[in-house]
Structures are given as C-alpha cells and as structure tokens.
Amino acid sequence: MSYSIFLKIFTIKVQSSERKLWFGVFYALIIITFEENMPVQIVLGAQWGDEGKGKIVDLLSENADIVARCQGGANAGHSIIIDGEKYILHLLPSGILHPHTQCFIGNGVVIDPEVLLEEIDFLESKGIQVKDRLFVSPQAHLVLPFHKILDRAFENNSPDVKIGTTGRGIGPAYCDKVGRVNLRLHHYYHRTEFEEKYRSRLREVCHRFPEIDALQALDHEQLLADALDKREQILPLLKDVSLELDRAIKAGATILIEGAQGTLLDIDFGTYPYVTSSNSISGGACTGLGIGPTKIDGVIGVLKAYTTRVGEGPFVTELTGELGDEMRELGKEYGATTGRPRRCGWFDAVIARYAVRVNGIDSFALTKLDILDSLPEINICVAYQYKNQILDDFPTDLNILTECQPIYETVRGWQASIAGITDFQKLPQGAKKYIQTIEKLCHTPVSIVSVGPERKDTIFNSRKP
Ligand code: IMP
Ligand code: MG
C-alpha cells in the first residue's frame, strides 16, 4: 500500500470529528481504489512542449510519493505559480515544490551541473528543502561548458538547417552520449579518472573545431577546477534511480514521471530535424529511468487548448497575422527558458490523435482554456488537406507536412470568463462543446481542465465523455 495512502488515512482520522469519521474512512477507500489502480503515471506534452505540464505535474504531485524526470535537460522550462509567486524549473522535477515528495532525475536526462546546483540553491533560498530528497542517476550524462559553446556555434554557423535550439548544450551532449565518448555522473566517483577523461575530452573537442573561437578561448585548468568543485557538491545526490524505483514500485509507491518538451519534439516521432535530441514520448520514460513498460499504469497527455511552438519547423495551424499576435499576448506565450516569442495557432486534432497513438495516452489534461475566452469563433483542425488528399493521420514525411493545409471545424466561442470555475457543469455551453469536440476527435477523455495559472484554477473532470 502506498505511503501516501497511510498518510491520508491518518490525516483524515486526525482531522475528523467522530461524526465525520465514517465519511473519512469512505473517502480514503475511494482514494485507495483510485491510487492502487494507477500508481505509476507518465505526464507528457502532446504538442510541441510548453503545454503547461509544470502546473499539471505540480497538481498531481500532491498525491505522489515520487516524481521523476526521464529525458531532456535544462532546455525544459516548467513554470509553476504558487500563491502568486512564479517558479521556473529547468532541470529539477516540478514535484520538488511539494515537501513530501522524493524526486529523481534518471539516466536519460543530460545534466548541466551548473544549472542543477543553481536550482537547488534557488529553492533552498526560498525555504524549500531539496538536498535529502533529490537523487540523480550515476548513469546520467553530463552537459559540459563546451557542449553549450558547440550548440550555439552549430546554430550560428549552420548554412542549411537552423533548429532554433535553446542553446543549453543538449544536442552536442546527446551526440557525445550516442558517440560513446561522454562523461557520465558515475565518473565523479573516481576523481583521477574523471580529471583525465575531462582533460582528454577538452583537448579532442578543441582540436576538432579550431575555427570556434569561444572553444579555443577556454581555460582548461579553470574548467577542471570548477568541475571538481561541482563534483564535491553533486556526489551526495547520486543514487541508482532504476533500483530505487523498482523498490518503490514493489512497495506500492505512487510515482509520477514528468516528461519534458513534447511529442512533436521527440527525436524519432517529432518533426525531424526540428526536434530535441531525446525521446520525449512515453517510451523515453522506460529507457530514461530503467523501468519496464509493464510497470507503467497510465499516460496523461497535456494539451494546450490551442497550439504553440518555439524554434523552427513546419506548423500547419500557425496564425501569422494579428490573431496569432493576440493569442501570444493573451496566453503570455514567451519561452520560459529563452524568452523567445512562441509561434501560435489553432488546436490541431491531427497532432493530438498522433500523440495518443505514439504515447498510448489514456486521458488528456487540457490547459489554458481561459485564453480563448474572448474569441467569437474558434477553429479546430480536424484533418489535413495535402494536394487532393485528405489526411486524418500525421504524415511521416516532413516535405508532405510542409505542404499540408488545415481543414477546420469552427465552433462558437463562449465569450465569457471561465476563470475560477472548478466544476465542469458550470462551464459555459461553448466551452463544454469545445472540450467534447476534442474528446470526440481524439477518442480520448479530457480528465483535467486548467482555466488559469494557479493550482486552484482547475477542473477535475470525472464525467465520462
Ligand atoms: P534543444 O532541445 O535546445 O536542442 O532545441 C531543439 C528544439 O526543441 C528547438 O526548437 C527548441 O525551441 C525546442 N525545445 C527544446 N526544449 C523545449 C521545451 O521545453 N519547450 C518547448 N520547446 C523546446
Ligand atoms: Mg516549457
């Protein structure tokens, strides 16, 4: 039985007066039934990232014993607003903001030691204790300063393809991982070996790219001293994440796996090459944490009520005119990591259906529905027109995708504020219709609707679609 269930029954009993005790026990039994069925859940982005996963993970973490990140790195930007204060986390799991959770960073994540230590210090300065409840896999790879230099240099010097990366060194670090030359966190265990490997990597990289000035300007001894200092601070955080998760699963713990980026940024299933360098689909949770697929009980896909993307690449429902600008301002669509304006467009059910397929999504969390409050009419892309064909399914060929035109179904806007509504039945008719249309087009229920940035602005929708 889950640790959190023990805690809940205890809390309910303590809080209950005698009259309320039976109700408390009944409530706890409902929670037990629900949680026992879904102890290990993945929450991931069903579009191009920035769907609002941070808030959803933060909410669900309330009932989780463990929150884990499995891929990506400090390219993520998860914004969470608590009591009016905004926290942006790039590397730590959003669940860290709940003091009862244990948080893991799995082998699939690439770790920038600088960001890791900065985020720990920032949270601890806010009174959030991190050190004894954050653990990092020794099998995770390091993002080193030269990876960040290479990332920016490749972007600036590339004659053909500009990806619009976050500049956080993600691509070069994953390249080194797959190329079998990178340093992993377990190299920290052996100081001399770590020093030798780091020196040799620095030499090799500088030798390979003589034309990159920033690389040539690096002071190797200074970098090494800095890396050794960070090593001291990070060593106590190392723990075999796969083993810990296995033990926790056997003990019945409730585990939330927090995806970063989104389905269409996945290295295999995204809009390649305009993607990130990890598997951000649900499969990445298994390879990025060292747990088997039979241990996953559910996948929640986070969908924004409209679509955004940062960086380059095709975007079928993009609105390039005034309406796109209006959406950006209404939704405050600026990158949490880079501050770049996000490209905005209508909701795309072709993408959402694809996300359901490649991730095995069994329910959606629909976010930022309130951003559409003022619009008189709202378009939903139901299929693509490619030359004289109608495509219901997301194409695998980027050349085809680039030429696709959206086929829209238009629904009437509700033109009323939905902020503060917490009951699905109290939503305006138009908003209900919008949600139901998405459910119908994707054959997937919307179980959570977010109508504002705060934890309280949320509808838990138990209604069957
Ligand atoms: P990289 O992950 O920094 O290599 O960037 C590759 C592409 O993924 C770029 O288009 C980025 O804008 C995008 N990207 C990476 N991380 C995120 C994210 O967390 N949210 C949205 N887009 C992202
Ligand atoms: Mg983000």
Side-chain angles (χ1 to χ4, degrees), residues 43-58 69-81 86-94 108-112 115 119 141 143 147-156 158 161-178 258-281 284 288 302-304 306-315 318 328 331-345 351 355 365 367-368 398 450 453:
V43 177
L44 50 76
Q47 293 152 325
W48 272 292
D50 305 316
E51 298 90 351
K53 295 179 289 295
K55 171 179 163 173
I56 303 298
V57 171
D58 175 61
R69 262 197 69 178
C70 57
Q71 45 71 229
N75 48 350
H78 292 167
S79 313
I80 304 130
I81 296 178
K86 188 169 174 179
Y87 295 82
I88 299 179
L89 297 175
H90 299 288
L91 195 53
L92 301 195
S94 308
V109 178
V110 285
I111 314 266
D112 183 338
V115 179
E119 290 195 351
H141 283 250
V143 178
H147 289 130
K148 290 183 262 188
I149 294 176
L150 289 176
D151 193 1
R152 290 178 208 132
F154 293 160
E155 275 288 285
N156 295 335
S158 153
V161 182
K162 265 207 195 326
I163 309 292
T165 73
T166 59
R168 298 297 183 109
I170 306 299
Y174 277 113
C175 271
D176 281 0
K177 167 179 173 170
V178 178
E258 172 177 350
Q261 290 79 53
T263 301
L264 289 184
L265 290 173
D266 181 274
I267 184 76
D268 290 294
F269 288 94
T271 45
Y272 190 92
Y274 304 100
V275 291
T276 191
S277 299
S278 63
N279 279 116
S280 48
I281 62 162
V302 186
L303 273 179
K304 191 145 51 181
Y306 48 99
T307 312
T308 61
R309 94 171 285 181
V310 270
E312 305 302 316
F315 180 173
E318 181 167 18
R328 183 176 312 109
K332 300 191 182 70
E333 295 294 351
Y334 292 89
T337 303
T338 57
R340 287 177 290 177
R342 294 180 184 141
R343 300 156 65 192
C344 297
I351 291 177
T367 61
K368 293 187 123 174
L398 204 72
S450 170

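By convention here, the first residue in the shown sequence is residue 1. Every number for a ligand or one of its atoms is a count from 1 in the order of the listing.
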Main chain of Gly164, side chain of Arg340: is a donor-acceptor contact present, judged purely on distance under 3.5 Å? yes
Please confirm whether the backbone N or O of Ser450 pairs with a side-chain atom of Lys368, one donor and one acceptor, at under 3.5 Å? no
Applying a strict 4.0 Å limit to heavy atoms, is [X] in contact with ligand 1?
{"X": "Ala76", "value": "yes"}
{"X": "Arg309", "value": "no"}
{"X": "Asp151", "value": "no"}
{"X": "Arg168", "value": "no"}

Starting from [atom], what is the nearest protein heavy atom, named by residue and atom, and what distance separates them?
{"atom": "atom 17 (C) of ligand 1", "result": "Gln261 CG, 3.6 Å"}
{"atom": "atom 21 (C) of ligand 1", "result": "Asp50 OD2, 3.0 Å"}
{"atom": "atom 3 (O) of ligand 1", "result": "Thr166 OG1, 2.6 Å"}
{"atom": "atom 10 (O) of ligand 1", "result": "Val310 O, 3.2 Å"}
{"atom": "atom 5 (O) of ligand 1", "result": "Thr165 CA, 3.3 Å"}
{"atom": "atom 7 (C) of ligand 1", "result": "Val275 O, 3.7 Å"}

Heavy-atom pair with the smallest gap, counting every atom of [X] and [Y]:
{"X": "Pro314", "Y": "Tyr274", "answer": "CD-CD1, 4.0 Å"}
{"X": "Ala260", "Y": "Ser280", "answer": "O-CB, 3.5 Å"}
{"X": "Arg168", "Y": "Val115", "answer": "NH1-CG2, 4.3 Å"}
{"X": "Ile281", "Y": "Leu44", "answer": "C-CD2, 4.0 Å"}
{"X": "Ala46", "Y": "Ala355", "answer": "O-CB, 3.5 Å"}
{"X": "Tyr174", "Y": "Gln71", "answer": "OH-C, 3.9 Å"}

Starting from the Mg ion (ligand 2), count all protein N, O or S atoms within a radius below 2.8 Å.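 Under the 2.8 Å cut-off, the count stands at 2.
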Residue of the set Val143, Ile149, Asp151 for which side-chain contact (heavy atoms from CB on, under 4.5 Å) holds with Pro172: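 Result for side-chain contact (heavy atoms from CB on, under 4.5 Å) with Pro172: Asp151.
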Test side-chain contact (heavy atoms from CB on, under 4.5 Å), reference Trp48, set Val310, Thr271, Thr308, output is Thr271
Count the heavy atoms of every other residue, nucleotide or ligand shown that sit under 6.0 Å from OH of Tyr334, and state whether that count exceeds 12.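 Yes, because the 6.0 Å sphere around OH of Tyr334 holds more than 12 heavy atoms from other groups.
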Assess the side chains of His141 and Asp176: does a donor N or O sit below 3.5 Å from an acceptor N or O? no
If you measure every N or O of [X] against every N or O of ligand 1, does any of those distances drop under 3.5 Å?
{"X": "Asn75", "value": "yes"}
{"X": "Thr276", "value": "yes"}
{"X": "Leu265", "value": "no"}

Closest by any non-hydrogen atom to atom 9 (C) of ligand 1: pick that one out of Gly311, Pro273, Gly45, Gly164.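 Residue with the shortest heavy-atom distance to the ligand atom: Gly164.
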Report the part of Trp48 (side chain from C-beta onward, or backbone N, CA, C, O) that has a heavy atom under 4.0 Å from ligand 1; answer both or neither where that applies. backbone
Residue portion contacting ligand 1 (non-hydrogen atoms closer than 4.0 Å) for Thr337: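 Near ligand 1, Thr337 shows nothing, with every heavy atom at 4.0 Å or more.
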Counting each atom of ligand 1 from 1 as listed, which ones have a heavy atom of Arg340 under 4.0 Å away?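 Per the distance check, 11 (C), 12 (O).
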List ligand 1 atoms under 4.0 Å from Ile163, heavy atoms only on the residue side.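 What qualifies from ligand 1 is 6 (C), 10 (O).
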Phe269: ring-ring contact (aromatic ring centres under 6.0 Å, His included) partners, not counting sequence neighbours: none
Taking it one step at a time, do Leu303 and Glu51 satisfy side chain to side chain contact (heavy atoms under 4.5 Å, CB included)? CA-CA 6 Å; Leu303 273 179; Glu51 298 90 351; 5.9 Å; no
Can you name the one residue among Arg343, Arg328, Lys304 that meets side chain to side chain donor-acceptor pair (under 3.5 Å) with Glu333? Lys304
